[in-house]
Amino acid sequence: MQIEIEMITQPIQPRRELPAALAGLAGAVAEFTGIVRAEENGRPVAALEYEAYAPMAEREMRRIIEAVGREHPCLAVRVIHRVGVIPVGEAAIYVAAFAPHRAEAFAMLTKFMDRLKQDVPIWKVRAIEQP
Amino acid sequence: MQIEIEMITQPIQPRRELPAALAGLAGAVAEFTGIVRAEENGRPVAALEYEAYAPMAEREMRRIIEAVGREHPCLAVRVIHRVGVIPVGEAAIYVAAFAPHRAEAFAMLTKFMDRLKQDVPIWKVRAIEQP
Amino acid sequence: MRILFFGHLRDVTRCARMEVHFDESADADAVWRKLIESHPALARFHGCVRLARNCEYAGADARFADADEVALIPPVSGG
Amino acid sequence: MRILFFGHLRDVTRCARMEVHFDESADADAVWRKLIESHPALARFHGCVRLARNCEYAGADARFADADEVALIPPVSGG
(Lines give C-alpha, C1' and ligand atoms only; values in the text may rest on other atoms or scores of the structure.)
Protein backbone atom coordinates (compact mmCIF):
# COMPACT_ATOMS: atom_id res chain seq x y z
CA MET A 1 0.00 0.00 0.00
CA GLN A 2 1.39 3.35 -1.07
CA ILE A 3 1.01 6.07 1.57
CA GLU A 4 1.50 9.78 0.90
CA ILE A 5 1.13 12.25 3.75
CA GLU A 6 1.62 15.98 3.49
CA MET A 7 1.21 18.72 6.04
CA ILE A 8 1.11 22.15 4.46
CA THR A 9 0.25 25.73 5.30
CA GLN A 10 -0.92 26.70 1.81
CA PRO A 11 -4.38 25.98 0.34
CA ILE A 12 -4.91 22.31 -0.42
CA GLN A 13 -4.93 21.29 -4.08
CA PRO A 14 -6.67 17.90 -4.03
CA ARG A 15 -4.87 15.37 -6.19
CA ARG A 16 -7.17 12.65 -7.35
CA GLU A 17 -4.87 11.21 -9.98
CA LEU A 18 -3.89 7.62 -9.50
CA PRO A 19 -0.30 6.74 -8.70
CA ALA A 20 0.91 5.54 -12.13
CA ALA A 21 1.76 2.04 -10.93
CA LEU A 22 -1.90 1.45 -10.04
CA ALA A 23 -3.39 2.12 -13.48
CA GLY A 24 -5.87 -0.64 -14.25
CA LEU A 25 -5.86 -1.99 -10.68
CA ALA A 26 -7.90 0.67 -8.90
CA GLY A 27 -11.64 0.42 -9.42
CA ALA A 28 -12.59 2.83 -6.66
CA VAL A 29 -11.41 6.19 -5.44
CA ALA A 30 -13.08 7.54 -2.31
CA GLU A 31 -12.23 11.07 -1.25
CA PHE A 32 -13.02 13.25 1.70
CA THR A 33 -12.53 16.98 2.02
CA GLY A 34 -13.09 18.64 5.38
CA ILE A 35 -13.94 22.32 5.00
CA VAL A 36 -13.98 25.14 7.55
CA ARG A 37 -17.59 26.13 8.20
CA ALA A 38 -18.87 29.62 8.94
CA GLU A 39 -19.97 28.47 12.38
CA GLU A 40 -17.88 26.83 15.10
CA ASN A 41 -19.60 25.73 18.33
CA GLY A 42 -22.60 27.90 17.42
CA ARG A 43 -20.57 31.08 16.86
CA PRO A 44 -19.89 32.71 13.51
CA VAL A 45 -16.26 32.51 12.47
CA ALA A 46 -14.21 33.82 9.57
CA ALA A 47 -11.34 31.36 9.92
CA LEU A 48 -9.91 28.68 12.18
CA GLU A 49 -6.29 28.31 13.18
CA TYR A 50 -4.91 24.77 13.25
CA GLU A 51 -1.72 23.64 14.91
CA ALA A 52 0.02 20.27 14.66
CA TYR A 53 2.76 18.34 16.34
CA ALA A 54 3.85 17.63 12.80
CA PRO A 55 6.33 14.73 13.06
CA MET A 56 4.03 12.81 15.38
CA ALA A 57 0.92 13.69 13.37
CA GLU A 58 2.50 12.25 10.23
CA ARG A 59 3.56 9.12 12.09
CA GLU A 60 0.14 8.61 13.64
CA MET A 61 -1.59 9.06 10.29
CA ARG A 62 0.70 6.47 8.73
CA ARG A 63 0.12 4.10 11.64
CA ILE A 64 -3.67 4.47 11.34
CA ILE A 65 -3.60 3.93 7.57
CA GLU A 66 -1.48 0.80 7.99
CA ALA A 67 -3.76 -0.55 10.72
CA VAL A 68 -6.97 0.10 8.76
CA GLY A 69 -5.28 -1.25 5.63
CA ARG A 70 -4.67 -4.62 7.27
CA GLU A 71 -8.45 -5.03 7.61
CA HIS A 72 -9.43 -3.17 4.45
CA PRO A 73 -6.58 -3.52 1.96
CA CYS A 74 -6.19 -0.49 -0.28
CA LEU A 75 -3.75 0.23 -3.06
CA ALA A 76 -2.87 3.74 -1.99
CA VAL A 77 -3.90 6.46 0.45
CA ARG A 78 -3.09 10.14 0.14
CA VAL A 79 -3.61 12.64 2.96
CA ILE A 80 -3.06 16.38 2.90
CA HIS A 81 -3.67 18.30 6.13
CA ARG A 82 -3.39 22.05 6.21
CA VAL A 83 -2.34 23.93 9.34
CA GLY A 84 -2.17 27.61 10.20
CA VAL A 85 -5.05 29.99 9.59
CA ILE A 86 -7.69 28.48 7.27
CA PRO A 87 -10.50 30.76 6.07
CA VAL A 88 -14.12 29.63 5.97
CA GLY A 89 -14.87 27.61 2.84
CA GLU A 90 -11.32 26.32 2.46
CA ALA A 91 -10.20 22.77 3.13
CA ALA A 92 -8.45 21.70 6.32
CA ILE A 93 -8.00 18.10 5.18
CA TYR A 94 -8.14 16.04 2.01
CA VAL A 95 -8.00 12.24 2.00
CA ALA A 96 -8.07 9.94 -1.02
CA ALA A 97 -8.23 6.14 -0.81
CA PHE A 98 -7.62 3.99 -3.89
CA ALA A 99 -8.74 0.35 -3.88
CA PRO A 100 -9.81 -2.36 -6.29
CA HIS A 101 -13.41 -2.12 -5.02
CA ARG A 102 -15.42 0.52 -3.25
CA ALA A 103 -15.97 -1.24 0.09
CA GLU A 104 -12.29 -1.04 1.04
CA ALA A 105 -11.94 2.54 -0.12
CA PHE A 106 -15.02 3.65 1.87
CA ALA A 107 -13.91 1.76 4.98
CA MET A 108 -10.44 3.30 4.80
CA LEU A 109 -11.85 6.78 4.42
CA THR A 110 -14.40 6.60 7.23
CA LYS A 111 -12.18 4.73 9.70
CA PHE A 112 -9.19 6.91 9.00
CA MET A 113 -11.24 10.04 9.69
CA ASP A 114 -12.72 8.58 12.90
CA ARG A 115 -9.28 7.69 14.24
CA LEU A 116 -7.68 10.91 13.08
CA LYS A 117 -10.17 12.76 15.20
CA GLN A 118 -9.23 10.64 18.20
CA ASP A 119 -5.48 10.28 17.95
CA VAL A 120 -3.69 12.55 15.50
CA PRO A 121 -2.07 15.48 17.32
CA ILE A 122 -3.63 18.34 15.40
CA TRP A 123 -5.68 21.03 17.11
CA LYS A 124 -8.03 23.82 16.27
CA VAL A 125 -6.34 26.38 18.51
CA ARG A 126 -8.23 29.54 17.66
CA ALA A 127 -11.43 30.74 16.03
CA ILE A 128 -11.03 34.02 14.21
CA GLU A 129 -14.31 35.90 14.40
CA GLN A 130 -15.99 37.70 11.62
CA PRO A 131 -14.92 41.35 11.57
CA MET B 1 -31.14 19.39 -0.93
CA GLN B 2 -29.75 20.29 -4.31
CA ILE B 3 -29.52 17.34 -6.72
CA GLU B 4 -27.56 17.36 -9.97
CA ILE B 5 -27.60 14.28 -12.19
CA GLU B 6 -25.86 13.96 -15.50
CA MET B 7 -25.52 11.05 -17.90
CA ILE B 8 -22.85 11.61 -20.49
CA THR B 9 -20.87 9.71 -23.10
CA GLN B 10 -17.70 11.80 -22.82
CA PRO B 11 -14.98 11.39 -20.15
CA ILE B 12 -16.12 12.52 -16.70
CA GLN B 13 -14.65 15.75 -15.37
CA PRO B 14 -15.27 15.54 -11.61
CA ARG B 15 -16.62 18.79 -10.24
CA ARG B 16 -15.87 19.14 -6.57
CA GLU B 17 -16.71 22.83 -6.30
CA LEU B 18 -19.46 23.67 -3.92
CA PRO B 19 -22.73 25.06 -5.24
CA ALA B 20 -22.30 28.78 -4.44
CA ALA B 21 -25.33 28.95 -2.16
CA LEU B 22 -23.68 26.46 0.20
CA ALA B 23 -20.47 28.39 0.89
CA GLY B 24 -19.84 28.34 4.63
CA LEU B 25 -22.49 25.65 5.29
CA ALA B 26 -20.72 22.58 3.96
CA GLY B 27 -18.08 21.13 6.25
CA ALA B 28 -17.72 17.83 4.41
CA VAL B 29 -17.44 16.72 0.82
CA ALA B 30 -17.34 12.97 0.22
CA GLU B 31 -16.65 11.81 -3.29
CA PHE B 32 -16.60 8.48 -5.07
CA THR B 33 -15.16 7.68 -8.47
CA GLY B 34 -15.76 4.25 -9.97
CA ILE B 35 -13.09 3.36 -12.50
CA VAL B 36 -12.99 0.62 -15.15
CA ARG B 37 -10.45 -1.99 -14.09
CA ALA B 38 -8.18 -4.01 -16.36
CA GLU B 39 -9.91 -7.19 -15.25
CA GLU B 40 -13.63 -8.02 -15.39
CA ASN B 41 -14.80 -11.34 -13.93
CA GLY B 42 -11.22 -12.59 -13.97
CA ARG B 43 -10.60 -11.77 -17.64
CA PRO B 44 -8.38 -8.99 -18.95
CA VAL B 45 -10.33 -6.20 -20.64
CA ALA B 46 -9.42 -3.00 -22.47
CA ALA B 47 -12.79 -1.30 -22.02
CA LEU B 48 -16.35 -1.87 -20.88
CA GLU B 49 -19.47 -0.77 -22.66
CA TYR B 50 -22.26 0.62 -20.48
CA GLU B 51 -25.87 1.11 -21.49
CA ALA B 52 -28.61 2.93 -19.62
CA TYR B 53 -32.35 3.35 -19.74
CA ALA B 54 -31.52 7.00 -19.28
CA PRO B 55 -34.80 8.67 -18.28
CA MET B 56 -35.55 5.96 -15.73
CA ALA B 57 -31.94 5.86 -14.50
CA GLU B 58 -32.02 9.58 -13.76
CA ARG B 59 -35.34 9.25 -12.01
CA GLU B 60 -34.19 6.31 -9.90
CA MET B 61 -31.00 8.10 -8.91
CA ARG B 62 -32.99 11.12 -7.82
CA ARG B 63 -35.43 8.91 -5.90
CA ILE B 64 -32.57 7.13 -4.10
CA ILE B 65 -30.85 10.41 -3.20
CA GLU B 66 -34.09 11.82 -1.82
CA ALA B 67 -34.76 8.66 0.19
CA VAL B 68 -31.25 8.50 1.65
CA GLY B 69 -31.35 12.26 2.25
CA ARG B 70 -34.39 11.91 4.49
CA GLU B 71 -32.29 9.78 6.85
CA HIS B 72 -28.96 11.50 6.26
CA PRO B 73 -29.67 15.11 5.30
CA CYS B 74 -27.14 16.53 2.87
CA LEU B 75 -26.87 19.95 1.31
CA ALA B 76 -26.23 18.78 -2.23
CA VAL B 77 -25.47 15.65 -4.23
CA ARG B 78 -23.94 15.54 -7.67
CA VAL B 79 -23.83 12.41 -9.83
CA ILE B 80 -22.22 11.96 -13.22
CA HIS B 81 -22.57 8.55 -14.89
CA ARG B 82 -20.87 7.84 -18.16
CA VAL B 83 -22.28 5.39 -20.70
CA GLY B 84 -20.95 4.00 -23.94
CA VAL B 85 -17.47 2.49 -24.28
CA ILE B 86 -15.26 3.38 -21.29
CA PRO B 87 -11.57 2.45 -21.51
CA VAL B 88 -9.70 0.91 -18.58
CA GLY B 89 -8.56 3.56 -16.10
CA GLU B 90 -11.38 5.97 -16.92
CA ALA B 91 -14.31 6.74 -14.66
CA ALA B 92 -17.75 5.21 -15.13
CA ILE B 93 -19.30 7.14 -12.25
CA TYR B 94 -18.56 10.14 -10.06
CA VAL B 95 -20.62 11.03 -6.99
CA ALA B 96 -20.10 13.99 -4.65
CA ALA B 97 -22.08 14.53 -1.45
CA PHE B 98 -21.92 17.87 0.41
CA ALA B 99 -23.07 18.04 4.03
CA PRO B 100 -22.44 20.06 7.18
CA HIS B 101 -20.62 17.09 8.77
CA ARG B 102 -18.89 14.03 7.43
CA ALA B 103 -21.25 11.34 8.77
CA GLU B 104 -24.10 12.41 6.47
CA ALA B 105 -21.84 12.80 3.47
CA PHE B 106 -20.32 9.33 3.96
CA ALA B 107 -23.72 7.72 4.55
CA MET B 108 -25.12 9.33 1.40
CA LEU B 109 -22.19 8.17 -0.67
CA THR B 110 -22.14 4.57 0.51
CA LYS B 111 -25.90 4.06 0.55
CA PHE B 112 -26.36 5.72 -2.80
CA MET B 113 -23.78 3.43 -4.38
CA ASP B 114 -25.30 0.31 -2.78
CA ARG B 115 -28.76 1.16 -4.07
CA LEU B 116 -27.51 2.27 -7.46
CA LYS B 117 -26.06 -1.18 -7.91
CA GLN B 118 -29.42 -2.75 -7.05
CA ASP B 119 -31.93 -0.53 -8.76
CA VAL B 120 -30.62 1.95 -11.30
CA PRO B 121 -31.16 0.66 -14.86
CA ILE B 122 -27.60 0.86 -16.14
CA TRP B 123 -25.78 -2.18 -17.46
CA LYS B 124 -22.32 -3.30 -18.40
CA VAL B 125 -23.31 -4.81 -21.72
CA ARG B 126 -19.97 -5.75 -23.21
CA ALA B 127 -16.36 -6.30 -22.24
CA ILE B 128 -13.94 -5.27 -24.95
CA GLU B 129 -10.90 -7.52 -24.75
CA GLN B 130 -7.34 -6.44 -24.97
CA PRO B 131 -6.13 -6.59 -28.57
CA MET C 1 -47.97 -0.22 -25.47
CA ARG C 2 -44.32 0.30 -26.18
CA ILE C 3 -42.03 -2.37 -24.75
CA LEU C 4 -38.29 -1.68 -24.29
CA PHE C 5 -35.54 -4.28 -24.01
CA PHE C 6 -32.16 -3.62 -22.42
CA GLY C 7 -28.87 -5.37 -21.84
CA HIS C 8 -28.63 -9.02 -22.76
CA LEU C 9 -32.40 -9.21 -23.29
CA ARG C 10 -31.81 -7.50 -26.62
CA ASP C 11 -29.71 -10.47 -27.68
CA VAL C 12 -32.75 -12.61 -26.94
CA THR C 13 -35.37 -10.47 -28.65
CA ARG C 14 -33.03 -9.15 -31.37
CA CYS C 15 -34.80 -5.82 -31.09
CA ALA C 16 -34.68 -2.86 -28.71
CA ARG C 17 -38.41 -2.25 -28.68
CA MET C 18 -41.75 -3.61 -29.81
CA GLU C 19 -45.32 -2.39 -29.82
CA VAL C 20 -48.12 -4.50 -28.40
CA HIS C 21 -51.76 -3.64 -28.05
CA PHE C 22 -54.09 -4.12 -25.12
CA ASP C 23 -57.80 -3.31 -25.40
CA GLU C 24 -57.98 -2.67 -21.67
CA SER C 25 -55.51 -2.31 -18.84
CA ALA C 26 -53.50 -5.45 -18.14
CA ASP C 27 -51.69 -6.86 -15.14
CA ALA C 28 -48.05 -7.97 -15.20
CA ASP C 29 -48.97 -11.58 -15.98
CA ALA C 30 -50.93 -10.50 -19.05
CA VAL C 31 -48.00 -8.38 -20.24
CA TRP C 32 -45.61 -11.30 -19.78
CA ARG C 33 -47.95 -13.67 -21.62
CA LYS C 34 -48.01 -11.32 -24.58
CA LEU C 35 -44.20 -10.92 -24.48
CA ILE C 36 -43.56 -14.65 -24.36
CA GLU C 37 -46.00 -15.17 -27.23
CA SER C 38 -43.85 -12.89 -29.41
CA HIS C 39 -40.48 -13.98 -27.99
CA PRO C 40 -40.74 -17.43 -26.40
CA ALA C 41 -37.09 -17.26 -25.31
CA LEU C 42 -38.05 -14.52 -22.84
CA ALA C 43 -39.85 -17.09 -20.68
CA ARG C 44 -36.74 -18.11 -18.78
CA PHE C 45 -36.00 -14.50 -17.81
CA HIS C 46 -39.41 -13.97 -16.23
CA GLY C 47 -38.03 -14.72 -12.77
CA CYS C 48 -35.11 -12.31 -12.78
CA VAL C 49 -36.43 -9.41 -14.84
CA ARG C 50 -38.44 -6.54 -13.34
CA LEU C 51 -41.03 -4.55 -15.24
CA ALA C 52 -40.93 -0.76 -15.20
CA ARG C 53 -43.98 1.30 -16.16
CA ASN C 54 -43.29 4.84 -17.38
CA CYS C 55 -39.81 4.89 -15.83
CA GLU C 56 -40.78 3.44 -12.44
CA TYR C 57 -40.56 -0.09 -11.14
CA ALA C 58 -44.05 -1.58 -11.26
CA GLY C 59 -45.42 -3.00 -8.02
CA ALA C 60 -46.98 -6.45 -7.89
CA ASP C 61 -50.49 -5.07 -8.38
CA ALA C 62 -49.64 -2.54 -11.11
CA ARG C 63 -52.00 -2.17 -14.08
CA PHE C 64 -50.47 -1.46 -17.47
CA ALA C 65 -52.38 0.70 -19.96
CA ASP C 66 -52.05 0.73 -23.71
CA ALA C 67 -50.39 4.19 -23.63
CA ASP C 68 -47.70 3.10 -21.15
CA GLU C 69 -44.03 2.66 -21.89
CA VAL C 70 -43.00 -0.62 -20.32
CA ALA C 71 -39.37 -1.64 -19.90
CA LEU C 72 -37.92 -5.05 -19.06
CA ILE C 73 -35.16 -4.44 -16.52
CA PRO C 74 -32.67 -7.29 -16.17
CA PRO C 75 -30.35 -7.25 -13.12
CA VAL C 76 -28.48 -3.95 -13.23
CA SER C 77 -24.71 -3.47 -13.15
CA GLY C 78 -24.02 0.25 -13.24
CA GLY C 79 -21.43 2.25 -11.37
CA MET D 1 14.41 15.68 28.47
CA ARG D 2 12.63 18.06 26.14
CA ILE D 3 8.96 18.61 26.95
CA LEU D 4 6.60 20.04 24.31
CA PHE D 5 3.29 21.79 24.96
CA PHE D 6 0.51 22.10 22.38
CA GLY D 7 -2.87 23.72 21.99
CA HIS D 8 -4.41 25.36 25.02
CA LEU D 9 -1.72 23.88 27.27
CA ARG D 10 0.59 26.56 25.96
CA ASP D 11 -1.76 29.17 27.42
CA VAL D 12 -1.23 27.43 30.75
CA THR D 13 2.54 27.04 30.60
CA ARG D 14 3.15 30.22 28.59
CA CYS D 15 5.87 28.38 26.74
CA ALA D 16 6.02 25.85 23.90
CA ARG D 17 8.77 23.74 25.40
CA MET D 18 10.91 23.24 28.46
CA GLU D 19 13.89 21.11 29.38
CA VAL D 20 13.90 18.92 32.46
CA HIS D 21 16.55 16.54 33.66
CA PHE D 22 16.25 12.98 34.96
CA ASP D 23 19.25 11.11 36.28
CA GLU D 24 17.67 7.81 35.38
CA SER D 25 14.66 6.69 33.38
CA ALA D 26 11.36 7.81 34.84
CA ASP D 27 7.79 6.57 34.66
CA ALA D 28 4.84 8.75 33.63
CA ASP D 29 4.04 9.68 37.23
CA ALA D 30 7.55 10.97 37.78
CA VAL D 31 7.37 13.04 34.61
CA TRP D 32 4.03 14.51 35.68
CA ARG D 33 5.37 15.33 39.15
CA LYS D 34 8.22 17.25 37.60
CA LEU D 35 5.87 19.05 35.21
CA ILE D 36 3.47 20.08 37.94
CA GLU D 37 6.37 21.30 40.07
CA SER D 38 7.31 23.73 37.28
CA HIS D 39 3.75 24.54 36.20
CA PRO D 40 1.27 23.81 39.00
CA ALA D 41 -1.65 24.79 36.74
CA LEU D 42 -0.97 21.66 34.66
CA ALA D 43 -2.28 19.49 37.50
CA ARG D 44 -5.89 19.76 36.44
CA PHE D 45 -5.06 18.57 32.89
CA HIS D 46 -3.39 15.38 34.09
CA GLY D 47 -6.58 13.39 33.54
CA CYS D 48 -7.26 14.42 29.94
CA VAL D 49 -3.77 14.83 28.51
CA ARG D 50 -1.79 11.94 27.03
CA LEU D 51 1.98 11.75 27.01
CA ALA D 52 3.85 10.98 23.81
CA ARG D 53 7.42 9.75 23.84
CA ASN D 54 9.47 10.36 20.70
CA CYS D 55 6.36 10.88 18.59
CA GLU D 56 4.41 7.89 19.87
CA TYR D 57 1.73 7.66 22.53
CA ALA D 58 3.32 6.23 25.65
CA GLY D 59 1.73 3.14 27.16
CA ALA D 60 0.92 2.94 30.87
CA ASP D 61 4.22 1.23 31.65
CA ALA D 62 6.44 3.41 29.45
CA ARG D 63 9.83 4.54 30.78
CA PHE D 64 11.03 8.00 29.81
CA ALA D 65 14.76 8.62 29.36
CA ASP D 66 16.59 11.89 29.64
CA ALA D 67 17.25 11.95 25.87
CA ASP D 68 13.56 11.55 24.99
CA GLU D 69 11.30 14.15 23.49
CA VAL D 70 8.08 14.09 25.47
CA ALA D 71 4.93 15.84 24.31
CA LEU D 72 1.77 16.61 26.24
CA ILE D 73 -1.12 15.84 23.91
CA PRO D 74 -4.43 17.43 24.91
CA PRO D 75 -7.61 16.11 23.22
CA VAL D 76 -7.10 16.50 19.49
CA SER D 77 -9.39 18.27 17.05
CA GLY D 78 -7.88 17.93 13.59
CA GLY D 79 -9.62 17.29 10.26
Side-chain angles (χ1 to χ4, degrees), chain A residues 5-9 12 31-37 40-41 45 48-67 79-84 86 90-96 108-127, chain D residues 1-20 22 25-28 31-32 34-35 38-39 41-79:
Chain A
I5 295 171
E6 278 183 67
M7 305 206 50
I8 62 175
T9 55
I12 291 174
E31 295 165 281
F32 174 72
T33 309
I35 299 172
V36 174
R37 297 169 65 225
E40 177 73 9
N41 299 325
V45 298
L48 292 178
E49 186 176 354
Y50 283 78
E51 178 191 348
Y53 179 21
M56 179 169 169
E58 290 191 25
R59 238 170 119 148
E60 274 295 304
M61 289 195 259
R62 186 173 295 273
R63 195 187 57 75
I64 293 169
I65 292 166
E66 283 166 352
V79 181
I80 310 174
H81 203 303
R82 182 175 173 189
V83 293
I86 308 181
E90 297 190 13
I93 189 168
Y94 168 77
V95 188
M108 172 60 74
L109 203 58
T110 55
K111 295 192 175 187
F112 173 78
M113 284 306 303
D114 288 348
R115 298 197 192 174
L116 173 122
K117 284 177 179 276
Q118 286 170 0
D119 286 336
V120 176
I122 303 176
W123 301 270
K124 295 185 183 84
V125 285
R126 195 163 61 104
Chain D
M1 183 184 297
R2 166 168 298 171
I3 311 273
L4 305 179
F5 303 109
F6 292 97
H8 63 85
L9 291 182
R10 257 204 326 268
D11 302 332
V12 174
T13 60
R14 302 198 173 273
C15 65
R17 59 183 59 193
M18 63 181 278
E19 298 283 338
V20 297
F22 285 94
S25 80
D27 62 10
V31 172
W32 271 106
K34 185 95 84 174
L35 286 168
S38 311
H39 297 286
L42 284 176
R44 65 195 171 93
F45 297 98
H46 191 153
C48 60
V49 164
R50 287 183 280 179
L51 294 186
R53 190 183 143 271
N54 299 331
C55 291
E56 267 183 47
Y57 285 110
D61 53 358
R63 305 293 301 181
F64 298 81
D66 202 51
D68 287 342
E69 176 174 284
V70 175
L72 275 68
I73 311 288
V76 305
S77 53

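Order of the sequence lines fixes the chain letters, A, B, ..., with proteins taken first and strands second; residue numbering starts at 1 for each chain.
Residues meeting the side-chain hydrogen bond (donor to acceptor under 3.5 Å, both in side chains) test with A:Glu40, sequence neighbours left out: none. Residues satisfying the side-chain hydrogen bond (donor to acceptor under 3.5 Å, both in side chains) criterion with A:Tyr53, sequence neighbours excluded, are D:Glu69.
Contact check for A:Trp123 versus D:His8: no side-chain heavy atoms found under the 4.5 Å cut-off. The closest side-chain heavy-atom distance from A:Met56 to D:Asn54 is not below 4.5 Å.
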Side-chain donor-acceptor pairs of residues 72-79 of chain D under 3.5 Å, sequence neighbours excluded:
{"from": "D:Ser77", "atom 1": "OG", "to": "A:Lys124", "atom 2": "N", "distance (Å)": "2.8"}

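Atom CZ of D:Arg63 has more than 12 heavy atoms from other residues, nucleotides or ligands within 6.0 Å.
Contacts of A:Ala57 with chain D are absent, with no heavy-atom separation under 4.5 Å from either backbone or side chain.
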When you look at A:Arg63 and D:Glu56, which way does the salt bridge (Lys or Arg N to Asp or Glu O under 4.0 Å) test go after all the steps?
CA-CA 10 Å; A:Arg63 195 187 57 75; D:Glu56 267 183 47; over 6 Å; no
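Against chain D, the residues from residues 108-118 of chain A that qualify, each with a non-hydrogen atom under 4.5 angstrom away, are A:Met113, A:Leu116, A:Lys117, A:Gln118 in number order.
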